[in-house]
Amino acid sequence: MTLRAELERRLSAALERAGAPPGTPAIVQPATRAGFGDYQANGAMGAAKKLGRPPRELAETALAEADLDDLVAHAEIAGPGFINLTLSDACLGGQLAAFSAEVIAPRPVTDASPRVVVDYSSPNLAKEMHVGHLRSTIIGDAMARILEHTGHAVLRQNHVGDWGTQFGMLLAFMAEMSSNEDTLAHELNDLETFYRHAKERFDADPAFAQRARDTVVRLQRGDPVCLKLWEQFIEVSMQHCEAVYARLGVGLERRHVYAESAYNDDLAQVVADLDTAGLLTESDGAQCVFLDEFKGKDDKPLPLIVQKRDGGYLYATTDLAAIRHRCRNLRADRVLYFVDNRQSLHFRLVFAVARAAGFASEQTRLEHMPFGTMLGENGRPFATRSGGVVRLTELLDEAEHRAYALVTEKNPDLAETKRREIARVVGIGAVKYADLSKHRTSDYVFSWDGMLSFDGNTAPYLQYAYTRVQSLFRRAGIAPGTTDTTISLAEPAERTLALRLVQLPETLEIVVRDGLPHLLCSHLFDIAVAFMAFYEQCPVLTAEDPALRDSRMALAQRTGTALETGLDLLGIATVDRM
RNA sequence: GCCCCGAUAGCUCAGCUGGAUAGAGCAGCCCCCUCCUAAGGGGCAGGUCAAAGGUUCGAAUCCUUUUCGGGGCGCCA
């Protein structure tokens with residue numbers, strides 16, 4: 001249990017003993033200002049209002065009832081009825097002593113752990129991955145890591161798009177070329193161009209367009225020639241994705257891929273199940289589900305179409321099949337979808353239908369974790385001047401390029417291979433952090449300079465703070481292992497840093513609850529800022545007193561662990577020097 | 001027409017179940033490397049939190065209306 005949760009628990013109980021109704025929250029938060037202590041409890045005011053009692057008096061009574069001696073050194077009532085709490089040095093010291101082994105150690109995952117499906121990345125294999133895929137891939141991966149660290153059984157699902165009409169066009173184009181293996185291999189080397197060429201062919205030649213449509217039908221019927229081409233294409237495209245994942249340090253592997261096509265055989269059964277459940281209605285020849293809670297134009301019912309007039313299935317059907325699979329076979333307690341916010345209505349419908357049909361129980365939490373659209377500098381959905389998109393590989397190349405130039409400027413004496421390594425870690429880290437540090441749901445504007453900034457609240461700043469810790473240990477000639485040194489918190493900078501470190505699990509708790517990794521970014525930045533202040537104000541290696549030196553080394557060590565662990569949870573690596 | 005999301009400093013954004021004097025980064029100006037890495041630190045300046053009402057002891061946060069953006073709404077995914 002985190003400090004915050006423990007204080008909440010005890011103060012809530014105290015409020016109840018002071019006369020507030022059971023379940024009254026104490027509303028413990030980190031203090032909004034340094035002068036108010038470390039935490040503040042705001043719950044007494046609201047509770048007093050309901051009881052018609054003076055808020056300060058209720059706060060006083062609750063505080064007198066509360067048993068906080070082992071955690072809190074000072075507590076006082078302030079303003080209209082805030083309870084301000086200052087942690088004792090013993091409490092902070094205890095947390096710091098157990099920091100690596102307990103406070104931020106990974107929670108074990110057992111059979112009893114909550115099972116969380118994380119659906120993320122899920123690119124369409126028809127095209128190359130571009131910058132628009134960053135959000136789902138990066139944020140989803142960070143969330144998977146954080147959930148795993150906090151004791152959840154995480155089931156990554158990469159729901160790649162490998163089925164649908166555009167594959168007809170691509171396969172027909174491949175078929176034209178398959179007489180010449182070299183040309184085909186060459187063309188497939190660049191999926192973006194391949195797609196464009198196929199599309200040009202499709203638009204220009206009606207006969208080709210017809211062949212493309214026929215190909216879709218043949219593919220769906222399992223025509224061996226089509227299937228072979230399809231498999232070849234999918235394999236090339238998957239390998240491209242995996243190369244990008246490897247470069248990004250994203251933990252998605254082949255075993256996490258559960259493609260759209262994997263549900264093909266379930267779709268008829270899904271529709272049959274909906275029929276059995278009495279949910280199916282035919283409308284204009286299509287099979288639909290209408291739910292009372294969803295109304296469209298003119299109060300007309302809003303359909304979820306699960307089967308087209310021509311008998312074909314839609315992505316709604318596939319998503320229903322996926323929910324069924326995740327709940328029944330994967331035994332998910334919670335399913336998180338890191339998918340573009342434009343699909344939010346779609347998910348609301350699909351989730352509601354899945355529950356109505358019994359594909360998901362009432363207990364299973366189905367949560368769309370929407371994210372905003374990447375916009376161009378004109379405020380329109382992002383595209384380059386030529387109308388294309390920026391490929392992910394281009395962005396990463398540029399990131400490493402700029403980072404290499406910078407590290408060479410800052411540290412020309414480092415060996416070439418070392419500078420390459422640093423450039424890779426720093427460049428990729430900057431790109432990921434630029435994405436992770438923004439609120440998930442907000443649209444954001446793509447900008448090379450914004451995404452590749454190395455100053456201020458960026459990954460390189462955090463990585464730099466980490467290298468300073470490593471540098472201290474390097475100079476001291478000792479390994480940065482955990483020691484049982486008593487940590488002095490006499491200096492304000494020491495205390496502020498200690499508090500930020502100890503509060504890290506509280507942030508993780510909120511991130512897990514809301515799926516908002518930018519809160520972790522923000523907290524790590526606070527830690528780094530606090531460390532920089534500590535570093536400026538508190539001499540470590542040159543401290544006169546050996547005990548103080550050891551204490552500060554120990555605090556630096558905790559900082560290093562926090563930064564390394566926190567960055568790792570975001571999927572960002574560290575280096576020892578930069 | 002209906003629904004969803006948004007509007008906070010010049011720019012990019014935080015602001016967690018309503019809390020005390022709305023915070024960062026960048027850009028601007030000033031200062032700090034004989035001192036543990038200046039990818040750093042310190043300081044200055046910068047806001048009628050889109051607008052108007054309302055609820056509340058207390059509103060950037062909740063409610064209503066309006067304005068301006070973005071997105072979605074029957075056989076694409």
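These numbers were taken from a predicted model, which means no experiment stands behind them.
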Notebook entry, point to check: With syn defined as a glycosidic torsion within 90 degrees of 0 and anti otherwise, which applies to B:rC33?
Noted result: syn

Notebook entry, point to check: Of the nucleotides B:rG40, B:rA77, B:rG72, which one has an atom closest to the side chain of A:E260?
Noted result: B:rA77

Notebook entry, point to check: Which part of the nucleic acid, if any, lies within reach of A:L314 when heavy atoms closer than 4.0 Å are counted: base, sugar-phosphate only, or nothing?
Noted result: sugar-phosphate

Check: Considering only B:rG72, B:rC13, B:rC3, which nucleotide approaches the side chain of A:L345 most closely?
Finding: B:rG72

Notebook entry, point to check: Has A:H523 got a side-chain N or O lying under 4.0 Å from the OP1 or OP2 atom of B:rC16?
Noted result: no

Notebook entry, point to check: Under 3.5 Å, is there a donor-acceptor pair between the A:S261 and A:D162 side chains?
Noted result: yes

Notebook entry, point to check: Can you check whether A:K308 has a side-chain N or O nearer than 4.0 Å to OP1 or OP2 of B:rC76?
Noted result: yes

Item checked: side-chain N/O A:R475 vs B:rU37 OP1/OP2, d < 4.0 Å -> yes

Next item on the list: Take atom P in B:rC76 and the same atom in B:rG18, then report the distance between them in whole Å.
Entry: 44 Å

Item checked: Which residue lies more 5' along RNA chain B, comparing A:R468 with A:A528 via nearest heavy atoms -> A:R468

Notebook entry, point to check: Base, sugar-phosphate, or nothing: which does A:H518 touch, judged by heavy atoms less than 4.0 Å apart?
Noted result: sugar-phosphate

Check: Rounded to the nearest 0.5 Å, what separation is found between the SG atom of A:C521 and the NZ atom of A:K432?
Finding: 11.0 Å

Notebook entry, point to check: Does B:rC13 have a Watson-Crick or wobble mate here (both distances under 3.5 Å), and if so which one?
Noted result: B:rG23

Check: Does A:Y464 stack onto the base of B:rG40, taking stacking as ring centres under 5.5 Å apart and planes under 30° apart?
Finding: no

Notebook entry, point to check: For atom C1', what is the distance between B:rC49 and B:rG6, given to the nearest Å?
Noted result: 14 Å

Next item on the list: Remember a base hit wins even if backbone is also touched, and classify A:Y461 as base, sugar-phosphate or nothing at under 4.0 Å, heavy atoms.
Entry: sugar-phosphate

Note to self: Counting distance alone, no hydrogens or angles: does the base of B:rA20 have a donor or acceptor under 3.5 Å from a partner atom on the side chain of A:N84?
What the structure shows: yes

Margin query: Rounded at 0.5 Å granularity, tell me how far CG in A:L274 sits from CG in A:L320.
Written below: 6.0 Å

Check: Is B:rA60 paired to anything, Watson-Crick or G-U wobble with both distances less than 3.5 Å, and if yes, which nucleotide?
Finding: none

Note to self: Which nucleotide wins on minimum distance to the side chain of A:R577, given the candidates B:rU37, B:rA20, B:rG25?
What the structure shows: B:rU37

Notebook entry, point to check: If you look at every strand shown and take non-hydrogen atoms under 4.0 Å, does A:M578 touch a base, only sugar-phosphate, or nothing?
Noted result: base

Margin query: Could you tell me if A:T408 and A:R419 have a donor-acceptor pair between their side chains, going purely by distance under 3.5 Å?
Written below: yes

Next item on the list: Mind calculating the distance between CE (A:M532) and P (B:rU37) to the nearest angstrom?
Entry: 12 Å

Check: Any side-chain N or O of A:Y535 less than 4.0 Å from the OP1 or OP2 oxygen of B:rU37?
Finding: yes

Checklist line | Options B:rA39, B:rG15, B:rU37, nucleotide nearest the side-chain atoms of A:S471 | finding: B:rU37

Notebook entry, point to check: Under 4.0 Å: is that the gap between some side-chain N or O of A:K438 and OP1 or OP2 of B:rC13?
Noted result: no

Checklist line | First of A:F534 and A:F290 reached from the 5' end of RNA chain B, by closest nucleotide | finding: A:F534

Margin query: By a 5.5 angstrom centroid cut-off and a 30 degree plane limit, is there stacking between A:F82 and B:rA20?
Written below: yes

Next item on the list: Look at the side-chain N and O atoms of A:S283 and state whether any lies under 4.0 Å from the OP1 or OP2 oxygen of B:rG74.
Entry: no

Check: Using purine N1 to pyrimidine N3 plus N6-O4 or O6-N4 for Watson-Crick, or N1-O2 and O6-N3 for G-U wobble, each under 3.5 Å, what pairs with B:rC44?
Finding: B:rG28

Check: Given that both distances must come in under 3.5 Å, which nucleotide forms a Watson-Crick or G-U wobble pair with B:rA7?
Finding: B:rU67

Note to self: Return the pairing partner of B:rC73 with a 3.5 Å limit on both distances, Watson-Crick or G-U wobble; otherwise return none.
What the structure shows: B:rG1

Item checked: Nearest-Å distance once atom C1' is located in both B:rA45 and B:rU56 -> 35 Å

Notebook entry, point to check: Looking at A:Q503, A:Q29, A:E8, which hits side-chain hydrogen bond (donor to acceptor under 3.5 Å, both in side chains) with A:Y39?
Noted result: A:Q503

Next item on the list: Would you confirm whether A:R56, through its side chain, and A:G79, through its main-chain N or O, come within 3.5 Å as a donor-acceptor pair?
Entry: yes

